[in-house]
Structure formats: C-alpha cells, structure tokens
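Single-structure report; data block below.
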Amino acid sequence: MTRPPSSPFPSPAESHGRMSPITHGGTLPWVQLRNAVFHPAIFRKMIGRTSPTAKNGDLVAVYDRDAKRFGSGLLSTQSQIGLRMLTYDDSPIDESFLPHRLAAAAKLRTELNLPNPATNAYRVVHAEGDALPGLIIDRFGDYAVVELFNFPMYRRLETIKTSLQEILGVKEVLARADERVQDSEGFIMSSCSPTGATTKRSADRKSTVITENNLRFQIDLTHGHKTGFFCDQRENRLLLTQFTQGGGADVLDLCSYTGGFAIYAATLGKAHHVTCVDLDEDAIALAQRNANLNKIPRSTFETAHSDIFPYLRQTLINARKFDVIVLDPPKLIPTKDDFFEGRGKYFDMNKLALSCIKPGGTFVTCSCSGLFPPEEFFAMLRGAARFANRRVQILRSTGPGPDHPVMTDCPESAYLKCLWCRVW
C-alpha cells in the first residue's frame with residue numbers, strides 16, 4: 001500500500017538553471033541532476049528535472065547537468081533521498097539487476113564460508129555494501145528476514161522474496177520496515193510487524209533457534225529489534241571470550257538485548273558470573289531463554305530489567321566493580337539533527353560505565369551510529385575517561401565481520417565501531 005505523493009520533482013520545463021538540454025533515447029525514464037556526486041544517496045534538492053513518465057520507485061537513467069549520462073538509479077518522489085544510485089556509467093540496466101545482485105551477494109557469503117556447520121546466521125545483503133541501497137537481508141537458518149529502507153525496494157519486495165527462496169533455499173522470507181521509514185518513504189506494510197519491540201503481537205508470530213560459533217540463540221523473527229538478531233557483532237562476541245578466561249571474571253553486559261555477549265562470556269569465555277541489563281522486558285526474557293538453551297547455570301547468569309543509567313548509578317552507590325563491561329547501546333544518532341543529543345548520551349553512558357570497572361579491567365564500548373565518525377567516537381571516550389578520572393588504554397578497534405562489506409563511496413555504512421580498552 002502506498003501513500004499519495006506529497007510534492008513532485010520539477011517538471012522538464014522548470015528548474016533549468018545552467019543545466020544543458022538532454023537527448024534521451026532509452027526505454028527508461030530519466031532524471032537530470034543539478035549536482036552529480038559519487039555517492040549512492042542523492043538528495044531531492046540535487047535533482048533538477050525528471051521526465052514526465054517517471055514514477056515513484058522507477059529505475060531511471062541519470063544525467064549530469066552537462067547532459068552526459070551519469071549512471072542509473074532508483075527514484076523516490078517522497079523521500080528526502082530522491083535517488084539511490086545503482087551504476088555510475090552508461091551501461092545498460094533493467095529490472096534483472098535485482099536478482100543478479102542478490103545472487104552475487106549470496107555468492108560472496110559462500111566464499112566467506114557462510115553458512116557453515118558452526119554458524120547458520122549471517123548477513124546476506126548489506127545495503128550499499130552490496131550495491132543494493134536500502135536493502136538489508138539476514139539469514140537465520142531456514143528463514144531470511146528482509147529489512148526495507150526505501151520505497152523502490154518495497155515496490156520490488158515480491159521479486160526479492162522469490163529470488164531469495166531460489167538462491168538460498170530458505171523455507172520462508174519475512175519482511176520488516178521501521179515505521180519512521182514507512183512514513184518518510186510513503187508506504188505502509190500492513191502485512192508485517194514493524195522493526196523494534198512492540199506490545200502488539202501478530203497472529204503469525206515466528207521464532208527460530210540459530211547456531212553461532214556452536215552456541216544457540218532463539219530469535220524473535222517478527223517482533224525483535226531490526227531483523228531479530230545482531231549478526232554484526234558475531235566476531236566481537238567471540239573476541240570477548242579472550243578477555244574473560246582464567247580469572248573468574250565478573251562481566252556486565254549493558255544494553256544486552258538478547259544476551260549475546262553475556263552468553264559467549266559465560267560459555268566459551270568461562271566467566272564466573274555475567275549480568276545482562278536491558279530496558280526491553282521481552283529481550284531480557286529471551287536472554288534468559290538463551291542462557292537455558294546453552295545450559296548456563298542460574299548461579300552464573302543474572303538478568304536485570306532496567307534502564308542502564310539508574311542501574312549504573314546504583315552500582316556506584318553499592319561500590320560494586322566489574323572485571324569486564326560491555327556497552328553496546330542502540331543507535332543514538334539516527335539523523336544529523338540528533339548528533340549533539342546522541343553524543344551526549346554516549347558520553348554519559350561511557351562515563352558511568354568507566355566508573356564501575358575494576359583497575360586493570362576491560363571495557364568494550366560500541367557505537368552503531370553511522371553518523372558518529374570513528375574520530376568523534378574516540379574523542380567522546382577520551383572526554384568520558386577524563387570526567388570519570390580513569391586512564392584508558394585502547395588495545396584494539398574492531399567493526400563487523402566481512403559479511404558486512406563497505407563500498408568506498410559510502411563510508412558511513414561502516415557504522416559499527418568497537419573499542420577494546422584496559423581501564424586504570
């Protein structure tokens with residue numbers, strides 16, 4: 001279901017400016033840019049003219065202001081991002097681009113040995129990183145979950161589903177989209193649950209159990225956050241186990257969601273005790289089920305349904321210190337307008353967490369905000385450490401695994417940042 005367009009692009013007779021007239025002989029509709037940039041996201045204000053036949057979601061030929069063919073893209077007439085670029089040359093393109101690029105993305109994962117006997121959950125398509133802007137696909141065993149971020153991909157959803165079943169051989173393909181995305185892009189997905197926790201449960205709610213590095217996790221496919229599980233932290237969860245062995249570590253997993261870091265620490269990492277803290281009651285309940293799936297004793301695994309700010313303040317009052325703290329909050333900077341407020345939240349979280357670590361302890365601090373550059377993340381941590389009167393030694397900086405590739409023309413898609421620190 002689509003919403004009516006709010007405001008159209010300029011017609012061919014409008015907004016000529018200094019743009020040269022184009023001669024277009026192809027079958028695709030066309031658009032002409034005021035300013036052509038080599039980035040997959042072209043904002044509406046950069047589009048000068050569109051052909052009268054161009055419709056929302058169309059595959060279009062793209063010309064620069066000098067009337068030279070710039071490439072091809074997907075048109076969005078309601079979104080602030082008016083064009084998602086697919087090519088940057090004059091090579092022919094048609095609707096077969098979608099199944100071809102899905103197949104190429106799946107082939108890359110096969111070359112990365114995904115899936116394998118120890119792991120059957122991984123990212124199949126990483127949006128711009130796989131030249132499919134606005135499309136995220138994660139595989140969870142017999143299921144694939146599609147997360148949509150724009151109308152053109154929503155319009156091609158049935159092609160996506162059919163192609164995935166053929167390419168991956170999955171039993172079912174589920175589709176989700178954040179409500180804010182649906183509002184800004186102009187579509188309504190009445191047949192699926194939005195991403196994120198919700199009190200409304202669909203009648204066909206689905207879950208499954210996946211394996212990751214031989215550990216087991218139950219996933220809520222229809223009501224969990226994003227696609228239901230964060231495959232991007234797979235390598236980092238495994239890396240954590242190197243910091244929890246041998247000393248009977250007491251581990252605190254903040255913003256734990258369904259307990260990924262804590263499960264690894266308690267099993268492969270042989271931690272003495274782990275505590276999961278999250279404000280989402282359903283996530284905490286699922287974390288306990290995951291602990292049960294992996295046969296972790298109740299004496300080792302503890303959960304706390306709480307906002308992390310009062311939890312950490314109470315921890316300070318109780319003078320409790322942890323050997324290892326993992327801080328992996330949700331995206332706090334979703335748009336440029338949220339930058340300063342989000343940075344402040346990161347600062348406050350990190351400042352409190354640093355105060356709760358034993359001298360010589362390990363701090364793993366993460367950000368999944370693509371609009372929070374690594375240098376800003378580092379500067380935030382430096383300020384938080386000074387305010388908490390702690391010295392922080394950075395041992396390592398990591399991101400997601402290779403199933404989350406990044407194209408050089410879209411560096412912000414390297415969104416996940418993890419700093420591994422020793423705290424004194």
Side-chain angles (χ1 to χ4, degrees), residues 233 236-237 239-244 247-257 259-262 264-265 269 271-279 302-333 338-399 415-424:
Q233 290 282 25
N236 294 318
R237 286 189 280 263
L239 180 58
L240 177 68
T241 64
Q242 298 180 20
F243 294 85
T244 61
D250 190 5
V251 180
L252 178 61
D253 186 359
L254 296 168
C255 304
S256 61
Y257 190 42
F261 280 105
Y264 271 77
H272 172 69
H273 189 271
V274 298
T275 304
C276 291
V277 182
D278 202 286
L279 188 58
E302 178 184 352
T303 62
H305 173 218
S306 173
D307 184 284
I308 68 168
F309 286 105
Y311 183 90
L312 289 172
R313 293 187 184 107
Q314 188 61 48
T315 297
L316 287 173
I317 292 171
N318 295 340
R320 184 180 179 185
K321 302 285 185 179
F322 292 87
D323 298 293
V324 179
I325 295 182
V326 179
L327 174 59
D328 185 20
K331 183 188 293 186
L332 300 178
I333 308 178
D338 300 309
F339 181 83
F340 290 105
E341 181 181 357
R343 190 188 191 281
K345 290 179 181 178
Y346 280 115
F347 179 89
D348 291 339
M349 287 178 174
N350 279 264
K351 174 189 67 177
L352 283 170
L354 284 165
S355 301
C356 297
I357 300 176
K358 293 178 182 178
T362 299
F363 182 42
V364 185
T365 180
C366 310
S367 167
C368 62
S369 297
L371 295 174
F372 200 24
E375 61 274 14
E376 286 283 352
F377 187 47
F378 185 99
M380 175 281 301
L381 178 61
R382 179 178 58 201
R386 289 175 178 171
F387 201 94
N389 198 27
R390 305 301 297 268
R391 293 186 64 213
V392 174
Q393 182 181 32
I394 295 179
L395 307 178
R396 192 166 183 174
S397 175
T398 60
Y415 63 95
L416 180 62
K417 300 162 286 289
C418 302
L419 296 176
W420 300 76
C421 312
R422 185 62 50 86
V423 179
W424 302 96

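One-based numbering along the sequence shown. Computed from a predicted structure; not experimentally measured.
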Using the rule side-chain contact (heavy atoms from CB on, under 4.5 Å), only one of L327, T365, V423 pairs with L354; which is it?
V423
Any donor-acceptor pair under 3.5 Å linking the side chain of K351 with the backbone of R386?
no
With no hydrogens and no angle check, is any side-chain donor or acceptor of S355 less than 3.5 Å from a backbone partner on A388?
no
K321: side-chain hydrogen bond (donor to acceptor under 3.5 Å, both in side chains) partners, not counting sequence neighbours:
none
For Y311, all residues meeting ring pair (Phe, Tyr, Trp, His ring centres under 6.0 Å), sequence neighbours excluded:
none
Using the salt bridge (Lys or Arg N to Asp or Glu O under 4.0 Å) definition, which of the options K417, R382, R343 pairs with E376?
R343
Between the side chain of R237 and the main-chain N/O of G260, is any donor-acceptor distance below 3.5 Å?
no
With sequence neighbours excluded, residues passing ring pair (Phe, Tyr, Trp, His ring centres under 6.0 Å) with F309
none
Tell me, please, which residues at least two apart from Y257 pass ring pair (Phe, Tyr, Trp, His ring centres under 6.0 Å).
H225, F230
Can you list everything that forms a side-chain hydrogen bond (donor to acceptor under 3.5 Å, both in side chains) with D338? Sequence neighbours excluded, please.
T335
Test item: H305 side-chain N/O and L279 main-chain N/O as donor-acceptor pair under 3.5 Å:
yes
Does D323 reach the main-chain N or O of T362 with its side chain, forming a donor-acceptor pair under 3.5 Å?
no
Ring pair (Phe, Tyr, Trp, His ring centres under 6.0 Å) filter on F243, not counting sequence neighbours, yields W420
Please check: side-chain N/O of S256 versus main-chain N/O of C276, any donor-acceptor pairing under 3.5 Å?
no
Would you say the side-chain atoms of D253 pair up with the backbone N or O of A262, donor to acceptor, closer than 3.5 Å?
yes
How close do C421 and I394 get, counting heavy atoms only, and between which atoms?
SG-CG1, 4.1 Å
